[in-house]
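Everything on this sheet refers to the single structure shown next.
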Amino acid sequence: MDLCYSLTTQFGGRTRELCSSSQDVPLVLRRLESCESMSELKRIHARVIRTRALQADNVIGKILRSSALSSTGDLDYARDVLTAVEGFNRCHYNTIIRGFASKRSLEETFSIYCRMLENGLYPDNFSLPFLIKACTESLARSAGKYLHVHAIKIGMDSDIYVKNNLVRMYVVFGELDAAHELFNKMPLRDIITWTTLISGYAKAGYAREAIRLFQEMGDANMVADEVTVTVVLSSCSALGDLNLGKVLHGYVKINRMNVDIFVGNALVNMYLKCGDSGSAYQVFREMPKRNVVSWNSLISGLVDQGDFKAALSLFRRMQQEQIKPDDVTIVAVLNSCSNLGAHELGKWIHVYIQRNSIKADGFIGNALVDMYAKCGSINQALQVFQGMACKDVYSYTAMIVGFAMHGQAKKALSLFHEMLKEGIRPDSVTFIGVLSACSHSGLVDEGRRHFQEMVKLYDLEPQIQHYGCMVDLLGRAGLLEEAEEFIKHMPIESDGFVWGALLGACRIHGKVDMGERILQKVLELEPEDEGGYVLMSNIYSSANRPWDSVKVRKQMKTQKVRKMPGSSLIEVDGIVHEFRAGDESHCKTIEIYMMLEEIISLLEAESGVMLDTKTTSLGVGKGEHLLCSHSERLAIAFGLISTGHGTPLRIVKNLRVCSDCHSVTKKISKLYNREIIVRDRNRFHHFNGGVCSCMDFW
DNA sequence: TCCGGTGCCT
């Protein structure tokens with residue numbers, strides 16, 4: 001500060017001596033060059049104003065550059081200079097326009113531009129691109145197009161810098177055809193022209209067109225740079241084109257291109273989207289520099305692949321390395337918690353959000369609602385939802401789907417009406433929530449009405465999922481013939497899910513003959529899926545036809561059907577433990593099986609009969625011992641020995657809960673006085689005091 | 001002046 005002051009004083013003294021002569025301009029320029037603060041600059045300018053001789057173009061230009069373009073500058077001051085000084089030239093205007101275009105509103109920028117025109121001056125290739133850029137960023141279509149016309153009129157449209165910005169403007173406006181037309185007319189294109197257009201197609205979702213243009217660019221002997229590679233890699237990710245992705249990676253290596261943060265992140269993302277997580281990890285490890293986006297690419301890539309445990313362990317590593325997570329990280333981690341039912345970690349993230357004053361709105365709020373709902377805390381979900389200042393269609397849908405999964409159809413429907421009252425337009429996913437709510441609670445007429453309204457009032461084309469919901473709704477309610485007719489009259493092709501829903505209804509209502517017929521449909525559509533066989537086997541068992549049940553099992557084995565192993569997750573102390581049927585790999589296996597023995601003997605003593613083994617599960621087959629070790633029972637036993645009395649147990653299953661486990665779990669909840677919350681493939685079951693929230697309707 | 005990562009689903 002003192003130094004600055006003494007320099008200024010010194011300079012002030014010199015100026016007084018020398019101010020009468022234009023010979024002193026170089027000295028003033030040198031002083032301006034070494035000037036370090038805005039206040040010092042203003043003092044120098046004050047001296048300059050006192051003597052007209054010093055008001056040379058380059059002196060004014062330097063003052064403008066410092067105040068308009070430097071990060072410590074003062075744009076308002078620059079504008080005042082413009083007002084105070086006469087004889088501004090084009091370069092002066094260029095400087096101010098550049099400053100305003102990058103830091104101020106479009107209106108303010110254009111007011112300078114208009115003054116320039118009023119003074120008979122036109123922008124050139126130094127300022128026009130910045131004006132175009134300002135329009136691009138403000139999405140000011142008409143102003144941008146006016147500039148385009150103007151550029152042609154003043155003959156500025158041949159400049160490649162101007163043209164590249166025009167191409168980008170049309171790209172951002174979503175007018176790809178206009179951008180492409182301009183591109184075609186350009187006599188000269190550089191790598192930026194090509195990349196801008198390619199990126200336009202890539203971002204608009206036309207990945208194939210982006211790749212085609214990239215090949216055309218190669219044919220035109222244009223060499224790709226890091227940015228081009230990044231853009232094309234993102235198109236490979238969108239298409240899942242691992243081969244082209246590898247070619248690009250090879251290209252980067254051969255040309256010894258700099259694997260900068262963008263190329264590295266795009267490579268990580270590409271490998272994950274193409275299912276090659278090994279290569280993704282390798283690129284990530286070898287990256288010379290990483291940022292939070294690199295971590296996010298890896299974490300959300302793993303989430304996309306369904307490897308939620310890997311995503312969470314990566315998040316832990318990120319914290320060990322003290323990388324601060326951002327919004328995207330938090331959304332990806334919450335998403336993993338939702339899928340794993342990792343309630344404790346989810347709550348921890350919520351606290352983290354509050355502690356760091358991160359707003360629980362938008363993406364994060366929606367992800368929190370979804371997390372709480374899927375971790376079984378529907379009331380917490382509602383609390384977060386109600387606390388959100390801005391709720392969009394995603395927020396409402398997440399909450400409606402949450403209520404539906406918990407069997408709270410009335411709340412789901414009243415929230416749906418509240419959403420309509422707020423003027424938020426439901427989308428097709430909202431209706432999946434609404435229809436599945438009706439289905440889980442047997443509200444047939446409501447469901448039918450909403451299905452019709454979605455077409456009539458909201459102009460939404462029902463998708464296969466909606467038809468699936470309707471078949472489920474009708475089938476569960478016992479309207480099996482109507483459900484079958486409904487499938488036959490569907491305007492779109494049916495799939496295994498739709499017929500599977502009907503087969504499930506046959507199981508609920510014990511319809512053996514119909515089941516046999518429907519199974520054939522399911523097998524035609526999904527020959528490799530075990531679901532149909534399992535349901536049919538259960539139908540035979542319930543109908544006291546064990547030999548037919550065995551026959552279906554054998555058939556399944558000879559058809560080499562892929563089996564989805566049943567698994568159950570339970571989180572204890574923030575760690576998610578996974579169990580499979582008959583699993584003996586857990587470090588507490590002995591205690592777990594001892595607990596199971598205790599449960600079984602207590603239950604048998606209480607009921608006085610052997611356990612209900614009517615609905616046996618397939619793929620177990622090793623006898624009574626394994627029958628009692630379905631994955632969720634192992635998880636429950638582990639939960640009982642690992643947590644204190646009264647702690648609710650939260651289990652997440654990847655399949656539907658079988659009726660045997662359902663009745664056992666009800667009894668356990670009463671016997672051990674524990675709330676047990678089970679999320680199966682379809683919905684939640686809250687077991688408490690011997691009853692389940694689904695009222696045995698599932 | 002061109003570039004990378006995010007949510008609701010039978």
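The sequence lines fix the lettering, A, B, ..., with proteins before strands; numbering per chain opens at 1. Keep in mind that the numbers below use all heavy atoms, side chains included, and drop hydrogens, waters and symmetry copies.
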Whole-Å distance, A:N258 CG to B:dG4 C1', equals 14 Å

With heavy atoms under 4.0 Å as the rule, sort A:I364 into base, sugar-phosphate or nothing.
nothing

For A:A210 and A:S235 the tightest heavy-atom approach is CB-OG, 3.5 Å

Which listed nucleotide (B:dC8, B:dT6, B:dG4) is nearest to the side chain of A:D427?
B:dC8

Once you round it to whole Å, what is the distance between P of B:dG4 and CZ of A:F284?
19 Å

A:C469 has its side chain closest, among B:dT10, B:dT6, B:dG4, to B:dT10

Please state how far atom CE in A:M169 lies from atom P in B:dC2, giving the value in whole angstrom units.
15 Å

So what does A:V293 hit on the nucleic acid, given a heavy-atom distance under 4.0 Å: a base, only sugar-phosphate, or nothing?
base

Any N or O donor-acceptor pair linking the side chain of A:T196 to the base of B:dC2 at under 3.5 Å?
no

Quick one: A:L176 CG to B:dC2 P, roughly how many Å, whole number?
17 Å

Considering only heavy side-chain atoms of A:V227, the closest of B:dG4, B:dC2, B:dC8 is B:dC2

Pick base, sugar-phosphate or nothing for A:D392, based on heavy-atom distances below 4.0 Å to the nucleic acid.
base

Would you call A:D304 and A:L272 a side-chain contact if the rule is heavy atoms closer than 4.5 Å?
no

Taking only N and O in the side chain of A:N269, is any of them less than 4.0 Å away from OP1 or OP2 of B:dG4?
no

Ring centers of A:F486, A:Y467 separated by less than 6.0 Å:
yes

Output all residues satisfying salt bridge (Lys or Arg N to Asp or Glu O under 4.0 Å) with A:K163, sequence neighbours left out; order by chain, then residue number.
none

Out of B:dT1, B:dG4, B:dC9, which nucleotide sits closest to the side chain of A:N265?
B:dG4

OP1 or OP2 of B:dC3 less than 4.0 angstrom from a side-chain nitrogen or oxygen of A:R168, does that happen here?
yes

Whole-Å gap separating P (B:dT6) and NZ (A:K203):
13 Å

Write down the distance between CE (A:M399) and C1' (B:dC9), rounded to a whole number of angstrom.
17 Å

May I have the distance from A:E461 (atom CD) to B:dC9 (atom C1'), rounded to whole angstrom?
17 Å

A:V171, A:N165, A:L166, A:V172 screened by side-chain contact (heavy atoms from CB on, under 4.5 Å) with A:T136, the one that passes
A:V172

Within this structure, what is the CD1-to-P distance between A:I299 and B:dG7, rounded to whole angstrom?
13 Å

Donor-acceptor pair under 3.5 Å: do we get one between A:Q465's side chain and the base of B:dC9?
yes

Below 4.0 Å: OP1/OP2 of B:dC9 and any side-chain N or O of A:K374:
yes

So A:S297, base contact, sugar-phosphate only, or nothing? Heavy-atom distance under 4.0 Å.
sugar-phosphate

Which listed nucleotide (B:dG4, B:dC8, B:dT6) is nearest to the side chain of A:V429?
B:dC8

Any side-chain heavy atom of A:M371 within less than 4.5 Å of one from A:K347?
no

A:T397 side-chain proximity, nearest of B:dC2, B:dC8, B:dT6:
B:dC8

Stacking of A:F363 on B:dT6 base (centres under 5.5 Å, planes under 30°)
yes

Looking only at side-chain atoms of A:N335, point me to the closest of B:dG7, B:dC2, B:dG4.
B:dG7

